[in-house]
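Each ligand, and each atom within it, is numbered from 1 in the order the structure gives. What you are looking at is a predicted structure, and each value in this text was computed from that prediction instead of being measured.
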Amino acid sequence: MSTGYRVAVVGATGQVGSVMLDLLRRRGFPTREIVPFASERSAGRELEGGLVVRPLTDETIEGFDLAIFSAGGSTSGEWAPRFVEAGAVVVDNSSRWRMHDDVPLVVSEVNPEALDDHRGIIANPNCSTMQMVVALKPLHDEAGIERLVVSTYQAVSGTGKAAVDELLAESRAVLAGDEIPAPRSYKHRIAFNALPHAGNFADGDDHTDEERKLMNETRKILGDSAIRVSATCVRVPVVTGHSESVNVETRSPLTPERARELLRAAPGVTVVDDPAAAAYPLAIDAAGKDDVFVGRIRRDPSHVSALDLWIVSDNLRKGAATNAVQLAERLHERGLIGARIA
Ligand code: NAP
Ligand code: 3JN
């Protein structure tokens, strides 16, 4: 009999799902079968490697050890508990379960111990939060984070494939002097523009849901509800790679030199910080890589105990698929697949 887990990838035809399929194979996660799921529209479609997409039904979800979801919040809301009921452990990429008290919200390098308390569903954080906390964890452990002021510069792939196509179509039209197609993914044209509106405004809230995710998820992952967070999430005409300017106020003093040393030793972090040589993290360099890149590490001259950082990562990889697969690896190492708390 072949060994390894039977793994469902829900949302396998999407941007994140296709990276997950690739990473599961390339990272050698022990599987005996990988089954791709997507909407009814894609059922029967053959993917690379000959895998055939299945629809979600009570019958097709039987017999899995692990299910990794990236098919949006409503699909996760409906089907993640059903997979758990059918015996699988679920790693969910959507926001649907992230803030539930019973659901660990986990970043592989930051709080893997939270996996031990899982009750079937484990949540993968939002991409903007993910890359930020990987870089902040060693600084928080050393000096305690008091307050963060964050501005994001988010790639359009975070909105989905249609937004990528829209950026390219608008850019072509602008350069050719043609009529620019009406915006669909955003309220305004994204080509040659910057929109202070990443995510959506809920009724009565002057922050977007993306900004709220950054605030709430950061506190949950770092396990410190006292951390104050101010966030402005901006969409920019970049295809892949979210960039963030982060002002970090610490509870005890932390020099840029010590921060650089801590970050160089931190798992999943690459420091690129030689401004005199124009070396700092760039979205185009981070695209296709798994690490979080940190640079422009410097003292905030306006504050006695604050640093400024520039943090960049591939939003579809560490921001989504890579962390999900790393969580599967951590679950496997800890013997937590098929052994959840009743
Ligand atoms: P995408 O390219 O649009 O892919 C969506 C996937 O979900 C497709 O496989 C689609 O299947 C499937 N799907 C849609 N409706 C479904 C349904 N009713 N039942 C089953 N499958 C369904 O989107 P994406 O960019 O990969 O993002 C997918 C989700 O991942 C997002 O909605 C979000 O929740 C999450 N995400 C998280 C992060 C993060 O910050 N961690 C980043 C990006 C995305 P079809 O091809 O058949 O339509
Ligand atoms: O906008 C971005 O750059 C990241 C978007 C993430 C996203 C997009 C649609 C739905 C999410 C998420 O993971 O928070 C969701 C969601 O599941 O709510």
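By the 4.0 Å N-to-carboxylate-O rule, D58 lies close enough to R82 to be salt-bridged with it. Ionic pairing of R212 and D205 is present here: one or more N-O contacts between side-chain nitrogen and carboxylate oxygen are shorter than 4.0 angstrom. Classification of D165 and K161 as a salt-bridged pair holds, one side-chain N sitting under 4.0 Å from a carboxylate O. Using a 4.0 Å cut-off between a side-chain N of Lys or Arg and a carboxylate O of Asp or Glu, K137 and E109 do not qualify as a salt bridge. A salt bridge between E59 and R54 is absent, with no side-chain N of the basic residue lying under 4.0 Å from a carboxylate O of the acidic one. One finds no salt bridge joining K220 and E217 here, because no Lys/Arg side-chain nitrogen approaches an Asp/Glu carboxylate oxygen to under 4.0 Å.
At the shortest separation from atom 4 (O) of ligand 1 among protein heavy atoms lies G14 CA, 3.2 Å. In terms of protein heavy-atom proximity, atom 10 (C) of ligand 1 is nearest to T13 OG1, 3.8 Å. G158 O, 3.9 Å is the protein heavy atom nearest to atom 8 (C) of ligand 2. In terms of protein heavy-atom proximity, atom 38 (C) of ligand 1 is closest to A320 CB, 4.0 Å. In terms of protein heavy atoms, atom 23 (O) of ligand 1 is closest to Q15 N, 4.5 Å. Of all protein heavy atoms, the one closest to atom 47 (O) of ligand 1 is S42 OG, 2.4 Å. Atom 32 (O) of ligand 1 has as its closest protein heavy atom G72 CA, 3.2 Å. Ranking protein heavy atoms by distance to atom 22 (C) of ligand 1, first place goes to S39 N, 3.7 Å. Scanning the protein for heavy atoms near atom 14 (C) of ligand 1, the closest one is R41 NH2, 4.0 Å.
With no hydrogens or angles considered, a side-chain donor-acceptor pair links S157 and N315 at under 3.5 Å.
Those atoms of ligand 2 with a heavy atom of S94 less than 4.0 angstrom away are 17 (O). The ligand atoms of ligand 2 that sit less than 4.0 angstrom from a heavy atom of N126 are 6 (C), 12 (C), 14 (O). Per-residue contacts place C127 under 4.0 angstrom from the following atoms of ligand 1 (heavy atoms of the residue considered): 39 (C), 40 (O), 41 (N). Near R235, the atoms of ligand 2 lying under 4.0 angstrom from a non-hydrogen atom of the residue are 1 (O), 2 (C), 3 (O). Less than 4.0 angstrom separates some heavy atom of C127 from each of these atoms of ligand 2: 3 (O), 4 (C). Close contacts between ligand 1 and L56 involve ligand atoms 19 (N), 20 (C) [criterion: under 4.0 Å to a heavy atom].
Remark: of the listed residues N124, N126, N323, N124 is the sole one forming a side-chain hydrogen bond (donor to acceptor under 3.5 Å, both in side chains) with N93. Screening V7, T3, D65 for a side chain to side chain contact (heavy atoms under 4.5 Å, CB included) involving R32 leaves a single residue, D65.
Side-chain contact check for I145 versus L136: some heavy-atom pair is nearer than 4.5 Å. Within the 4.5 Å cutoff, side-chain heavy atoms of R172 are placed close to those of L168. In this structure the side chain of R235 reaches within 4.5 angstrom of the side chain of Y186, judged on heavy atoms.
Considering only non-hydrogen atoms, atom 20 (C) of ligand 1 lies nearest to A38 out of G17, A38, S157, S18. Counting only non-hydrogen atoms, the option in S74, G158, S94 that gets closest to atom 34 (O) of ligand 1 is S94. For the residues K213, Q154, R98, the heavy atom positioned nearest atom 15 (C) of ligand 2 is part of K213. Taking all heavy atoms of V19, T129, V16 into account, the minimum distance to atom 24 (P) of ligand 1 is reached by V16.
By the criterion of a heavy-atom distance under 4.0 Å, the backbone of A12, and not its side chain, is placed next to ligand 1. With a 4.0 Å heavy-atom cut-off, ligand 2 is reached by no atom of N315. Residue T75 touches ligand 1 through its side chain alone, judged by heavy-atom distances below 4.0 Å. At a 4.0 Å heavy-atom cut-off, ligand 1 does not touch V10 at all.
There is a protein heavy atom less than 4.0 angstrom from atom 40 (O) of ligand 1. For atom 4 (C) of ligand 2, a protein heavy-atom neighbour is present inside the 4.0 Å cut-off. For atom 10 (C) of ligand 2, the protein comes within 4.0 Å by no heavy atom at all.
Residue-ligand proximity: N93 is placed with a non-hydrogen atom under 4.0 Å from ligand 2. Put simply, no part of G72 is less than 4.0 Å from ligand 2, judged by heavy atoms. The closest approach between a heavy atom of R96 and any atom of ligand 2 is not below 4.0 Å. Proximity of P125 to ligand 1 is established by a heavy-atom distance of less than 4.0 Å.
Aromatic rings from F83 and F69 are positioned such that their centres are separated by under 6.0 Å. Ring to ring, H207 and F201 are not that close: their centroids are 6.0 angstrom or more apart.
Ligand 1 has no nitrogen or oxygen under 3.5 angstrom from a nitrogen or oxygen of K161. Residue S95 places at least one N or O, backbone or side chain, under 3.5 Å from an N or O of ligand 2. Between G160 and ligand 1, a contact under 3.5 Å exists for no N or O pair. At least one N or O atom of G11, backbone or side chain, sits closer than 3.5 Å to an N or O atom of ligand 1.
A distance-only check finds a donor-acceptor pair linking the side chain of R298 to the backbone of R296 [under 3.5 Å].
Put simply, CZ on R119 and CG on D101 are 11.0 Å apart, with the number rounded to the nearest 0.5 Å.
Criterion: ILVMFWY side-chain heavy atoms under 4.5 Å apart, direct or through other members. Under it, V90 and V107 are not part of a common hydrophobic cluster. A single hydrophobic cluster is not seen to contain both Y153 and I311; linkage of ILVMFWY side chains at heavy-atom distances under 4.5 Å, directly or through other members, places them apart.
The minimum heavy-atom distance linking V156 with V236 is given by the pair CG1-O, 3.7 Å.
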